[in-house]
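Right, one structure below, let's go through it.
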Amino acid sequence: MLTLILTALKARYDRWQDRRSLRGLMEKDDRTLSDIGLTRQDIAAALSNPDIDDTRAEAFRLSRLAHRPFNSF
């Protein structure tokens, strides 16, 4: 039982840390964000969804989708 509680607490803490580090990126300038492959919109969109556990991965996923070349069929 204790292991279950500790696991849940660690997951919650990890999620909080993940969101905190992503919010910290919002303080960087646009060029720095561009160098790492993100935009402020990518970060804001990832943070706006409370159901996302890994917001950093979501921000990069959104970035890849936004910058994907358009393929016509």
Side-chain angles (χ1 to χ4, degrees):
M1 180 70 164
L2 181 59
T3 303
L4 221 59
I5 293 170
L6 291 175
T7 301
L9 287 173
K10 181 172 181 347
R12 189 173 188 112
Y13 176 77
D14 290 345
R15 185 176 178 178
W16 175 79
Q17 278 289 95
D18 181 60
R19 288 179 171 275
R20 182 176 174 229
S21 67
L22 198 57
R23 279 191 301 271
L25 286 177
M26 291 292 270
E27 297 174 10
K28 304 294 183 190
D29 61 89
D30 290 337
R31 183 171 182 180
T32 301
L33 291 177
S34 178
D35 286 347
I36 62 173
L38 291 173
T39 65
R40 292 183 193 290
Q41 293 79 16
D42 299 329
I43 296 169
L47 289 171
S48 71
N49 188 341
D51 297 329
I52 299 296
D53 288 329
D54 190 347
T55 52
R56 285 179 287 180
E58 178 67 4
F60 282 106
R61 185 188 74 79
L62 293 169
S63 178
R64 283 192 308 275
L65 287 175
H67 300 103
R68 177 176 52 187
F70 179 74
N71 294 324
S72 59
F73 294 96

Requested in this report: With sequence neighbours left out, write down each residue that passes salt bridge (Lys or Arg N to Asp or Glu O under 4.0 Å) with Asp54, or none if nothing qualifies.
Outcome: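 Counting only residues at least two positions away or on another chain, Asp54 forms no salt bridge (Lys or Arg N to Asp or Glu O under 4.0 Å).
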Query raised in the report: Among all residues two or more places apart in sequence or in another chain, which pass the salt bridge (Lys or Arg N to Asp or Glu O under 4.0 Å) test with Arg61?
Result: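 Testing Arg61 for salt bridge (Lys or Arg N to Asp or Glu O under 4.0 Å), a comparison that skips the adjacent residues, returns Glu58.
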**Report entry** Heavy-atom closest pair, residues Ser63 and Gly37
**Finding:** OG-O, 2.5 Å
Query raised in the report: Taking all non-hydrogen atoms of both residues, which atom of Ala46 and which atom of Ala59 are closest, and how far apart?
Result: CB-N, 3.7 Å
For [X], all residues meeting side-chain hydrogen bond (donor to acceptor under 3.5 Å, both in side chains), sequence neighbours excluded:
X: Arg40; value: Asp30
X: Glu27; value: none
X: Asp29; value: Thr32

Is [X] isolated, or which residues cluster with it under the ILVMFWY side-chain rule of less than 4.5 Å, directly or via members?
X: Trp16; value: Tyr13
X: Leu25; value: Leu22, Met26, Leu33, Ile36, Leu38, Ile43, Leu47, Phe60
X: Leu9; value: Met1, Ile5

Report the residues that fulfil side chain to side chain contact (heavy atoms under 4.5 Å, CB included) with [X], sequence neighbours left out, ordered by chain and then residue number.
X: Asn49; answer: Asp51, Ile52
X: Ser34; answer: none
X: Ser21; answer: Arg56
X: Arg12; answer: none

**Report entry** Point-to-point distance, once rounded to the nearest 0.5 Å, from OG1 of Thr55 to CZ of Arg23
**Finding:**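 Between Thr55 OG1 and Arg23 CZ, I get 8.0 Å after rounding to 0.5 Å.
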**Report entry** Within 6.0 Å of CG in Leu6, more than 12 heavy atoms from elsewhere
**Finding:**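 Yes.
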